[in-house]
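Structure, as structure tokens:
Since we're looking at a predicted model, the values are computed, not measured.
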Amino acid sequence: LLSKQLEYLRNGSSKPVYLVRESSPKVAAKKLMSELSPKLTADTPVFIKPNIGGFAWFRKGEVGFYGRVTNIDFVEGIVEYLEEQGVKSISIGDGKMVNSLKAMQRVFRGTGYTALAKRHRSVRLVDLNCYGNKNKDDDSTPIAISLPNARYLKTGLVLPKVYVHHLLNGLVINVPKLKTHRFARLSAGMKNLMGVIGVATNGQNNPSHNRWRMHEELADFDDFKAVADKKAQIKFIKRARAAFAERLCDAFLAAQPHITLVDGVEAWEGDGFDKGQIVRLNCAIGSYNTLYADRVAAKVASLWNEPPVY
């Protein structure tokens, strides 16, 4: 896997980025897929990774998360394009910090993905969380990835079995929502991969619940908020952000998708979870190179070369 991913990363330096201006999420997605025109056959298994876990949890009386997760019409546009090309096997999945399959099924219902799967016979929904199930046939069974050249994650990184299978034998389409984020500042292609990443630690068999270790420095954040010295707080945040960025780059070496489509038709400006508002940008970004797509997304979001806010 790693050898194939490194080769893909090297070859990606010449890949263009497509930006479409479109007010319809479904039409925008179809236009991007047409521009990218991936090689597909009826037997090509496709995995779509939207941002489904882009909210804290269910607030009282809330039934949907419109604006904070990848637009369901944007994803359905991708599904319809794939079906038009004859693709018969489409998996849609994400991982969110929940403690049971039942809770994740509630997330799928609340975000509209259960209904989408009912409309399309080619689609199945996949929970990427590992709940300690060691069944080797389970989609979420963790596959350990060794990264000898990594800065932080030389060992400990795991990816779900179903995701690795599609990286090696099919097509992985990463579909983030374009959002600002209270810690990462920008949530787009690379940040969206947090939903597939797991971190294994000694004595624990549910590495998906250890995703917080990607930014483990934040465990001490409350202590630093109580520090009166503003400079010390800023120094802490800089160090925490740098460590998170390095870990994300480490994980990206193995988890990079084949295609990234950034849903920016209705972007989300806020903390990345609950607080915020929809900003209609009427655009979407696509590329075989996730890093390039994120570069353009940062520019569209007016975050490129902007001084960070602490």
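- Residues L9 and L253 meet the side-chain proximity criterion, which asks for heavy atoms closer than 4.5 Å.
- Under the 4.5 Å side-chain criterion, counting only non-hydrogen atoms from C-beta, L291 is in contact with M190.
- Across all non-hydrogen atoms, the minimal contact from A293 to S287 is CB-CB, 4.2 Å.
- Proximity of I278 to W268: side-chain heavy atoms (C-beta onward) are separated by under 4.5 Å at one or more points.
- Nearest approach of G189 to T260, heavy atoms of both residues: CA-CG2, 4.1 Å.
- Proximity of a side-chain donor or acceptor of K177 to a complementary backbone N or O of S187 within less than 3.5 Å is not detected.
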Decide yes or no on side chain to side chain contact (heavy atoms under 4.5 Å, CB included) for V262 and V296, but give the supporting numbers first. CA-CA 10 Å; V262 183; V296 174; over 6 Å; no

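- Of all non-hydrogen atoms in Y288 and L36, the two that sit nearest each other are OH-O, 2.9 Å.
- The closest side-chain heavy-atom distance from D294 to P176 is not below 4.5 Å.
- At distances below 3.5 Å, not a single donor-acceptor pair connects side-chain atoms of S89 with backbone N or O atoms of P45.
- By the 6.0 Å contact criterion, NZ on K154 is enclosed, its count of non-hydrogen atoms from other residues, nucleotides or ligands being greater than 12.
- Side-chain atoms of L248 and I197, non-hydrogen and from C-beta on, do get closer than 4.5 Å to each other.
- In this structure, the side chain of N174 does not engage the main chain of P257 through any donor-acceptor pair within 3.5 Å.
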Set out, in order, the CA-CA distance, both residues' side-chain angles and the distance that settles side chain to side chain contact (heavy atoms under 4.5 Å, CB included) for Y8 and L167, then state yes or no. CA-CA 11 Å; Y8 191 81; L167 284 176; over 6 Å; no

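- Summarising the geometry of N51 relative to T70, their closest heavy-atom pair is N-OG1, 2.8 Å, with the distance given to 0.1 Å.
- Looking at heavy atoms from C-beta onward, P38 lies in side-chain contact with M33 at the 4.5 angstrom threshold.
- For the pair Y113/V123, no side-chain contact is recorded, criterion being any heavy-atom separation below 4.5 Å from C-beta on.
- Salt-bridge formation is not detected for the pair D139/K161: no Lys NZ or Arg NE/NH1/NH2 atom is positioned less than 4.0 Å from an Asp or Glu carboxylate oxygen.
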Check against side chain to side chain contact (heavy atoms under 4.5 Å, CB included), R241 and F244: CA-CA 5 Å; R241 278 177 170 166; F244 175 59; 5.7 Å; no

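- Contact record, S34 with Y81: OG-CE1, 3.7 Å, taken as the closest heavy-atom pair.
- Residues Y152 and D250 share a closest heavy-atom pair of N-OD2, 2.6 Å.
- Under a cut-off of 6.0 angstrom, the local environment of NZ in K235 is sparse, with at most 12 non-hydrogen atoms contributed by other residues, nucleotides or ligands.
- Q5 places a side-chain N or O within donor-acceptor distance of the main-chain N or O of Q256, the cut-off being under 3.5 Å.
- Between the Y292 side chain and the P16 main chain, no donor and acceptor come within less than 3.5 Å of each other.
- In this model, no donor atom of one side chain and acceptor atom of the other lie less than 3.5 Å apart for N71 and D263.
- Each of I78, L171, T44, L82 was scored for a side chain to side chain contact (heavy atoms under 4.5 Å, CB included) with I90, with one residue passing: L82.
- Using a 4.5 Å heavy-atom cutoff, the side chains of H120 and E76 are in contact.
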Give the C-alpha distance, both sets of side-chain angles, the deciding distance and a yes or no for side chain to side chain contact (heavy atoms under 4.5 Å, CB included) between S122 and K88. CA-CA 5 Å; S122 64; K88 297 179 180 178; 5.6 Å; no

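- With K30 contributing its side chain and E80 its backbone, the two residues share no donor-acceptor pair below 3.5 Å.
- Side-chain atoms of Y163 come within 3.5 Å of backbone atoms of A255 as a donor-acceptor pair (strictly under, hydrogens ignored).
- For R68 (side chain) and K179 (main-chain N/O), no donor-acceptor pair under 3.5 Å exists by modelled atom type.
- Crowding of R121 atom CZ: a count of heavy atoms from other residues, nucleotides or ligands under 6.0 Å not exceeding 12.
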